[in-house]
Amino acid sequence: NIPLCLCVIMAASSSTGSATEPPGLETQWREIDNLNQQQLRAGDSWYLLDKRWYDQWKEYVHAGDQNSSSYPGKIDNTELYEDLDSYHLKERLSENEDFVLVPAEAWHKLLSWYDMMDNQPPLERKVVDLPSTVKVEVYPVEIYLCLSSNMESTVSIRQHFNVSETAESRLWMRSTDTSSERLRNLNMTILDSCLSSGMVKYTHLPFTPLNSGHLLCYDSYRGPPGVCGLTNLGNTCFMNSALQCLSNTPPLTEYFLRNSYLEELNFTNPLGMKGEIAEAYADVIKQMWSGRHYSVVPRVFKTKVGHFASQFLGYQQHDSQELLSFLLDGLHEDLNRVKKKEYIELRDADGRPDQEVAEEAWRNHLRRNDSVIVDTFHGLFKSTLVCPECNKVSVTFDPFCYLSVPLPVSKERVMEVFYVSLDPTAKPTQYRLIVPKAGRVIDLCTSLSQATGVPPNQMAVADVFNHRFYRIYQADESLSCILDRDDIFVYQLSSGCVDQDGEEVVMAIYMRERSHYRDYGSGSNNYGTSLFGHPLLMSVPRAQCTREDLYQLLLKRLAAGVEPSGKEEEDEDEDEEEEEEAASCAQANKRLPGRLRNTEKQKKALFTIQAVNSNGTTERGMGEVDAQPYIAIDWDPDMKKKYYNENEAEKYIKHQSMDVPHQQITVQLQECIELFTTVETLEEENPWYCPTCKKHQLATKKLDLWSLPEVLIIHLKRFSYTKYSREKLDTIVEFPLR
Ligand SMILES: *[C@@H]1O[C@H](CO)[C@@H](O)[C@H](O)[C@H]1NC(C)=O
Ligand SMILES: *[C@@H]1O[C@H](CO)[C@@H](O)[C@H](O)[C@H]1NC(C)=O
Ligand SMILES: *[C@@H]1O[C@H](CO)[C@@H](O)[C@H](O)[C@H]1NC(C)=O
Ligand SMILES: *[C@@H]1O[C@H](CO)[C@@H](O)[C@H](O)[C@H]1NC(C)=O
Ligand SMILES: *[C@@H]1O[C@H](CO)[C@@H](O)[C@H](O)[C@H]1NC(C)=O
Ligand SMILES: CC(=O)N[C@H]1CO[C@H](CO)[C@@H](O)[C@@H]1O
Ligand SMILES: [Zn+2]
């Protein structure tokens with residue numbers, strides 16, 4: 001086999017040495033930025049540019065200094081190529097992470113200003129107009145040709161393989177290693193034929209060992225028909241699982257395998273999909289039930305679905321139920337036997353017996369909707385509305401295609417938090433707590449209190465992100481603000497050391513490391529800093545809010561992390577006693593606060609204290625007044641290396657509550673159906689017009705299952721929506737097999 005890539009990316013004529021003098025930085029930025037705003041137009045060329053180079057360039061032009069160290073150098077796309085022999089684009093690169101796209105004009109400007117690394121071909125790509133979107137086709141279809149013992153090609157491919165123009169040839173689409181599908185219509189566009197990279201074979205008739213009309217080695221696999229996998233085309237499990245469910249619905253599959261659908265296909269029904277969905281579906285089912293394949297690639301089907309419902313076009317995750325619903329609708333209309341949909345006046349039940357009204361509703365349904373989908377999957381709901389004022393009862397019967405049942409929602413929630421006790425030698429401890437879902441932050445503290453014995457009012461709760469407090473919570477805030485993925489820290493606050501005023505301040509404390517750079521020019525104490533470690537919350541008597549007192553308090557508080565991390569080799573004037581003192585200071589020896597202070601006065605302070613804002617920087621936000629004081633502990637890098645053990649300080653331990661196997665709540669399917677059929681009161685936005693009271697009423701509504709289809713589709717509503725999040729309920733639902 002000689003795989004060869006038809007889509008050769010040609011190197012543009014060499015650009016070396018052609019660089020022109022670039023304009024000023026500000027102008028460069030403005031020109032490129034303007035061009036980048038350009039709309040995508042089908043047929044235009046855009047270029048891939050390494051994101052890192054682009055960022056570097058942006059930094060450079062923004063620095064406003066021609067001589068700055070951020071000069072990006074020649075355009076360098078090295079990271080985007082698979083290898084530097086073929087200059088093939090690496091797979092799975094993503095826009096704005098690995099590369100940026102710039103329009104042709106911007107590219108040529110940049111190229112003339114900066115030139116390109118040796119021999120790198122530009123990565124030019126065309127804008128294509130797809131049914132639902134216009135985009136730059138970063139990965140064009142690449143067609144590989146195989147010249148195995150008996151395969152060849154047409155047109156340019158003929159030339160390549162030296163096949164005479166008159167020889168008959170065929171084009172095959174390779175689906176899996178062992179199965180192929182013939183491309184009969186050579187007039188189709190690449191998009192319509194659903195080709196994607198690496199899938200075409202040609203056969204050259206004279207050389208093909210013909211038997212039974214199949215040119216290509218079909219699988220010899222003869223397994224049970226229908227027991228057949230579906231290849232994942234990239235996050236298409238939502239589609240494949242729906243297809244597997246339908247494929248294993250005997251009445252529907254028999255209908256397709258018997259070719260009954262051919263008689264009922266309607267190519268012109270405006271509500272349908274030109275018969276294309278039904279045909280594509282039929283193809284998948286026939287392949288799956290042929291017994292010839294271990295697995296099938298539902299590529300054509302997927303592309304068709306994408307044509308009609310562009311939300312399914314890409315390769316992202318989708319909701320399986322959404323796809324199923326779309327598919328059942330599409331199949332239904334493509335196969336609807338009703339030619340003329342008449343308007344049907346709905347009659348009120350008017351006290352007639354249920355049986356009669358239900359039969360009428362079903363007859364009316366069939367006058368508009370009559371297909372194999374209706375035969376197989378449609379049933380009738382009975383819905384009963386009662387007016388709260390006049391007690392008028394209204395009964396209607398409505399067809400359904402599936403039951404969307406809710407899951408009983410647990411009123412409790414499991415939360416994992418890190419508890420930071422006052423004991424400086426104790427490490428943060430991770431707890432798993434059960435809290436009321438609708439509870440407040442204080443409920444979280446109460447739950448933690450039961451595990452720690454610390455009163456809930458001596459705790460402070462915060463969301464820690466990136467060494468800062470992303471948010472510090474008040475006790476009465478709702479727990480629903482806290483997402484499961486947040487890192488929640490709960491701090492024990494001291495209570496004992498209240499001074500005469502009894503006034504305490506809760507301080508937020510960040511850890512920062514200074515960079516060596518100092519702005520000597522300004523004479524001020526400017527230095528760069530970066531945050532590290534876990535921040536702290538600590539309550540401090542107001543009287544002790546002086547730098548000196550805080551220093552001592554913090555030194556004690558940090559003890560777990562602050563310890564000499566190695567032998568002090570070169571501290572010149574330290575005698576043994578001092579060394580001992582330094583060590584004990586590091587362990588925040590409670591016995592020796594006085595001596596500690598003395599030691600610290602003799603020695604260089606381990607850190608300094610700065611007032612900062614909630615971001616941990618010294619710039620104040622616009623007009624911001626933090627109710628909450630924030631301070632930063634600034635470490636000199638040498639001191640930090642010596643006294644602050646980062647490894648030690650970042651460690652945490654797991655409380656035994658973390659070991660309890662995650663309790664799985666199981667529910668019975670029956671419970672879900674009961675919940676579905678419980679009486680509910682209509683919501684304000686969706687009232688019912690009571691014909692007796694002649695006004696909208698918040699009626700009570702009850703749904704019942706009146707008649708069931710041959711095959712009942714039950715959809716479990718596993719997503720629970722709150723104002724803040726979409727939560728997936730992983731409750732196990734048990735259902736009877738019979
Ligand atoms: C940049 O450096 C060059 C040579 O080192 C010097 O001649 C030029 O004046 C500098 N330009 C700026 C804007 O500092
Ligand atoms: C095609 O034929 C030409 C001349 O007959 C020959 O030079 C060339 O090598 C052939 N190419 C291939 C791919 O066989
Ligand atoms: C392809 O297009 C040509 C010209 O439009 C037409 O004559 C031919 O019948 C088409 N072939 C198929 C298979 O549709
Ligand atoms: C297809 O459906 C449309 C609209 O429902 C109808 O007018 C037409 O007769 C149907 N065609 C066939 C072949 O059944
Ligand atoms: C913190 O940073 C954000 C984003 O950079 C900024 O909008 C905000 O004003 C800053 N807050 C303070 C207190 O400076
Ligand atoms: C359940 C179902 O598919 N009902 C359809 C019956 O036909 C009418 C009119 O064609 C549609 O509006 C319904 O959705
Ligand atoms: Zn009423």
Side-chain angles (χ1 to χ4, degrees), residues 131 185 251-252 254-283 285-286 301 304-305 307-309 325-354 357 360-378 381-401 678-704:
N185 185 354
L252 188 65
E254 281 159 20
Y255 170 87
F256 280 101
L257 294 181
R258 276 197 320 263
N259 281 333
S260 306
Y261 72 102
L262 290 176
E263 289 144 40
E264 299 184 334
L265 268 176
N266 185 328
F267 301 101
T268 56
N269 177 0
L271 295 174
M273 315 210 172
K274 304 187 198 136
E276 291 186 24
I277 288 293
E279 284 192 308
Y281 178 76
D283 284 349
I285 294 299
K286 286 178 179 178
F301 177 80
K304 293 287 180 206
V305 167
H307 279 196
F308 291 102
S325 162
F326 163 81
L327 180 54
L328 289 173
D329 248 31
L331 290 176
H332 167 60
E333 290 298 352
D334 272 356
L335 300 167
N336 200 343
R337 298 166 190 133
V338 176
K339 303 269 177 287
K340 194 165 167 298
K341 292 184 178 165
E342 40 194 322
Y343 176 74
I344 296 157
E345 186 90 45
L346 286 177
R347 273 182 66 197
D348 207 74
D350 263 341
R352 289 180 292 156
D354 280 354
V357 183
E360 182 183 270
W362 186 249
R363 273 198 310 276
N364 286 344
H365 181 53
L366 291 184
R367 280 159 74 188
R368 298 169 67 80
N369 305 279
D370 181 10
S371 70
V372 65
I373 302 298
V374 177
D375 299 345
T376 314
F377 299 111
H378 284 197
F381 285 139
K382 174 187 178 184
S383 102
T384 310
L385 287 153
V386 180
C387 175
E389 222 167 285
C390 67
N391 290 324
K392 153 95 182 159
V393 178
S394 163
V395 175
T396 52
F397 292 86
D398 305 297
F400 66 85
C401 193
T678 49
V679 178
E680 55 167 12
T681 304
L682 295 183
E683 285 169 9
E684 297 274 0
E685 308 87 61
N686 187 24
W688 173 64
Y689 184 80
C690 172
T692 313
C693 307
K694 303 244 179 293
K695 63 174 184 184
H696 284 99
Q697 296 282 18
L698 298 185
T700 60
K701 178 179 179 180
K702 176 164 169 43
L703 281 175
D704 288 296

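Every number for a ligand or one of its atoms is a count from 1 in the order of the listing. Only this structure's heavy atoms are used, side chains among them; waters, hydrogens and symmetry mates stay out.
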Original post:
Between D334 and M273, which heavy-atom pair has the shortest distance, and what is it?
Top reply: OD1-N, 2.6 Å
**OP:** Considering non-hydrogen atoms only, spot the tightest contact between N369 and E333 and give its length.
**Re:** OD1-OE2, 4.2 Å
Subject >> N269 neighbourhood, listing ligand 4 atoms whose heavy-atom distance to it stays under 4.0 Å >> reply: 1 (C), 2 (O)
Subject >> Proximal atoms of ligand 4 relative to T268 (non-hydrogen, under 4.0 Å) >> reply: 1 (C), 11 (N)
**OP:** Applying side chain to side chain donor-acceptor pair (under 3.5 Å) between D370 and each of H332, R337, H365, report the one that passes.
**Re:** R337
Subject >> Which residue and heavy atom of the protein sit nearest atom 4 (C) of ligand 4, plus the separation >> reply: K339 O, 3.6 Å
Subject >> Donor-acceptor pair between N266 and T268 side chains, under 3.5 angstrom >> reply: yes
Subject >> Structural part of N266 in contact with ligand 4, heavy atom criterion under 4.0 angstrom >> reply: side chain
Original post:
Is R367 reaching over with its side chain to a backbone N or O of K341, donor-acceptor style, under 3.5 angstrom?
Top reply: no
Original post:
Any protein heavy atom under 4.0 Å from atom 13 (C) of ligand 4?
Top reply: no
